[in-house]
Amino acid sequence: MSEKLKVAILGGTGMVGQRFIALLENHPWFEVHTIAASPRSAGKTYEQAIGDRWKLEVPMPEAVKNIVVKDVSDVENVAAEVDFCFSAVDMSKDEIKKIEEAYAKTETPVVSNNSAHRWTPDVPMIIPEINPEHAEVIEAQKKRLGTTRGFIAVKPNCSIQSYAPVLYSWREFEPVKAVVSTYQAISGAGKTFKDWPEMNGNIIPFISGEEEKSEKEPLRIYGHVEGDHIEPASSPLITSQCIRVPVLYGHTATVFVDFAKKPSKEELIERMVSFKGEPQKLELPSAPKQFIQYLEEDNRPQVALDVNFERGFGVSIGRLREDSVFDYKFVGLSHNTVRGAAGGAVLCAELLKAKGYINAK
């Protein structure tokens, strides 16, 4: 590619917006051209708008410091300068739905980290290794929106990354039932320990909306395109509990699973570590070479040791063993702001670019 696609980050001052900006530094296909945020940030340079609120462990890229932030609600002005947008806006669901559709209607594709459109029937919700074919529903969405190149695609909830890919890699054995508990990092709420000192040494056994997402979103991902919508799968039946824990990055899941066709432990390990998808076949820039790793040690995966596996784009699994009630149980770990949020959206955009859905205006 001789020229990089120009990208706008909608909601670029928040934690996920910052992660987008960090991940796109020196990206071979995309460059951050425009940053849009709330009116209180508009007119300031990005460095001024952030002030002391840069939340990441890596420094702010020099290339974005002097970009003048635009008002995200000035849709036509923001969209005119870019080829597509990443969305991480912090608004109500109705406001997010409205503004993302407004951007799409300017013929500017939107790849969103937000949950607002995850159940819009003709909006694909994509984990690129699992359901790249769901992008086919974009053509129906364009007809509804009256666009030729503008559309919305979304990535799923951050916590399901630590178990949904694994269950999918075992699909030939027909998982029928799963009990999932997730232990979710505070950055999933856009917080650091400085922002949320109450989380030090604390656990909160409730995260609003997370349990429904954890139970239902994998089924939509495992589903199929049927005309103008995505038809969710009917199994496995998933029940979950979601807990906030005092960890900065990394969502851990404990999972119990039953199969219609009971496999051996060796078969399960082989299927997950050999599992590859379109990102690996296409050698997309952000694709992990090893999507799922299995760790033999009894005390792994650990956030401190494993959260950055494959630069945060991979998934780490351990403690797979037979269970006395269910067939098997295991522990999963994924990076919630890389694979689970901004990175998952970047990989999705790379897939859509490779498939011809995103290109230069």
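The figures that follow rest on heavy atoms only: side chains count, while hydrogens, waters and symmetry mates do not. Only a predicted model underlies this, so the values are computations on that prediction, with no experimental measurement involved.
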(message) I'd like to check Pro246 versus Phe193 (side-chain heavy atoms, cut-off strictly below 4.5 Å). Are they in contact?
(response) yes

(message) Membership question, hydrophobic clusters at under 4.5 Å side-chain separation (ILVMFWY): are Leu305 and Val273 in the same one?
(response) no

(message) Between Arg149 and Glu107, does any NZ, NE, NH1 or NH2 come within less than 4.0 Å of an OD or OE carboxylate oxygen?
(response) no

(request) Give a yes or no on whether a salt bridge exists between Asp83 and Lys361, defined as a side-chain N under 4.0 angstrom from a carboxylate O. (result) no

(request) Using modelled atom types only, decide if a donor and an acceptor are shared between the side chain of Lys155 and the backbone of Gly340 within a distance under 3.5 Å. (result) yes

(request) To the nearest 0.5 angstrom, please state how far the CD1 atom of Ile67 sits from the CD1 atom of Ile9. (result) 9.0 Å

(message) Tell me whether Arg319 is salt-bridged to Asp298, with the criterion being a basic N under 4.0 Å from an acidic carboxylate O.
(response) no

(message) Looking at Lys105 and Glu100, is any side-chain nitrogen of the basic one under 4.0 Å from a carboxylate oxygen of the acidic one?
(response) no

(request) Measure the spacing between CD1 of Ile269 and CG of Leu320 and express it to the nearest 0.5 Å. (result) 5.5 Å

(message) Rounded at 0.5 Å granularity, tell me how far CD in Gln293 sits from CG in Asp306.
(response) 6.0 Å

(message) Run the side chain to side chain donor-acceptor pair (under 3.5 Å) test on Ser92 and Asp94 for me, step by step, so that the C-alpha distance in whole Å, both residues' side-chain angles and the decisive distance to 0.1 Å come before the verdict.
(response) CA-CA 5 Å; Ser92 71; Asp94 286 342; 5.6 Å; no

(message) Please determine whether a side-chain nitrogen of the Lys or Arg among Lys70 and Glu81 lies less than 4.0 Å from a carboxylate oxygen of the Asp or Glu.
(response) yes

(request) Taking only Lys NZ, Arg NE, NH1 and NH2, and the carboxylate oxygens of Asp or Glu, determine whether Lys98 and Glu95 approach each other closer than 4.0 Å. (result) no

(request) Could you walk me through whether Glu278 and Leu351 pass side chain to side chain contact (heavy atoms under 4.5 Å, CB included), step by step? (result) CA-CA 8 Å; Glu278 285 290 287; Leu351 175 74; 4.0 Å; yes

(message) I'd like to know if Glu139 and Lys142 make a salt bridge, using a cut-off of under 4.0 Å between side-chain N and carboxylate O.
(response) yes

(message) Would you compute the distance between atom CG of Leu5 and atom NZ of Lys353 and round it to the nearest 0.5 angstrom?
(response) 6.0 Å

(request) Would you check if the distance from the ring center of Phe330 to the ring center of Phe256 is below 6.0 Å? (result) no

(message) Checking Glu217 now: which residues fulfil salt bridge (charged side-chain N to carboxylate O under 4.0 Å, His left out) with it, not counting sequence neighbours?
(response) Arg118

(message) Around atom NZ of Lys262, are there more than 12 heavy atoms from other residues, nucleotides or ligands closer than 6.0 Å?
(response) yes

(request) Look at atom CZ of Arg311 and say whether more than 12 heavy atoms of other residues, nucleotides or ligands are closer to it than 6.0 Å. (result) yes

(request) Flag yes if more than 12 heavy atoms outside Lys44 fall under 6.0 Å of its NZ atom; otherwise flag no. (result) yes

(request) If a pair satisfies ring-ring contact (aromatic ring centres under 6.0 Å, His included) and one of its residues is in residues 73-125, list it, with sequence neighbours excluded. (result) Phe20-Phe86, Phe30-Phe84, Phe84-Phe86

(request) Kindly determine whether His33 and Glu31 satisfy side chain to side chain donor-acceptor pair (under 3.5 Å), including the steps that lead there. (result) CA-CA 6 Å; His33 182 273; Glu31 67 175 357; over 6 Å; no

(request) Please name the residue in the list Glu267, Glu172, Glu174 that meets the salt bridge (charged side-chain N to carboxylate O under 4.0 Å, His left out) test with Lys261. (result) Glu174

(request) May I ask you to say whether Arg339 pairs ionically with Glu129, meaning some side-chain N is under 4.0 Å from a carboxylate O? (result) yes

(request) Run through Asp90, Val72, Ile50 and flag the one making a side-chain contact (heavy atoms from CB on, under 4.5 Å) with Thr13. (result) Ile50

(message) Regarding Asp195 and Lys55, does a basic nitrogen lie under 4.0 Å from an acidic carboxylate oxygen?
(response) yes

(request) Mind checking the CG-CH2 spacing from Leu268 to Trp170? Nearest 0.5 Å is all I need. (result) 5.0 Å

(request) Flag the pair Glu57 and Arg19 as a salt bridge only when some basic side-chain nitrogen lies within less than 4.0 angstrom of an acidic carboxylate oxygen. (result) yes

(message) Taking NZ in Lys65 as the centre, count heavy atoms belonging to other residues, nucleotides or ligands within less than 6.0 Å. Is the count above 12?
(response) yes

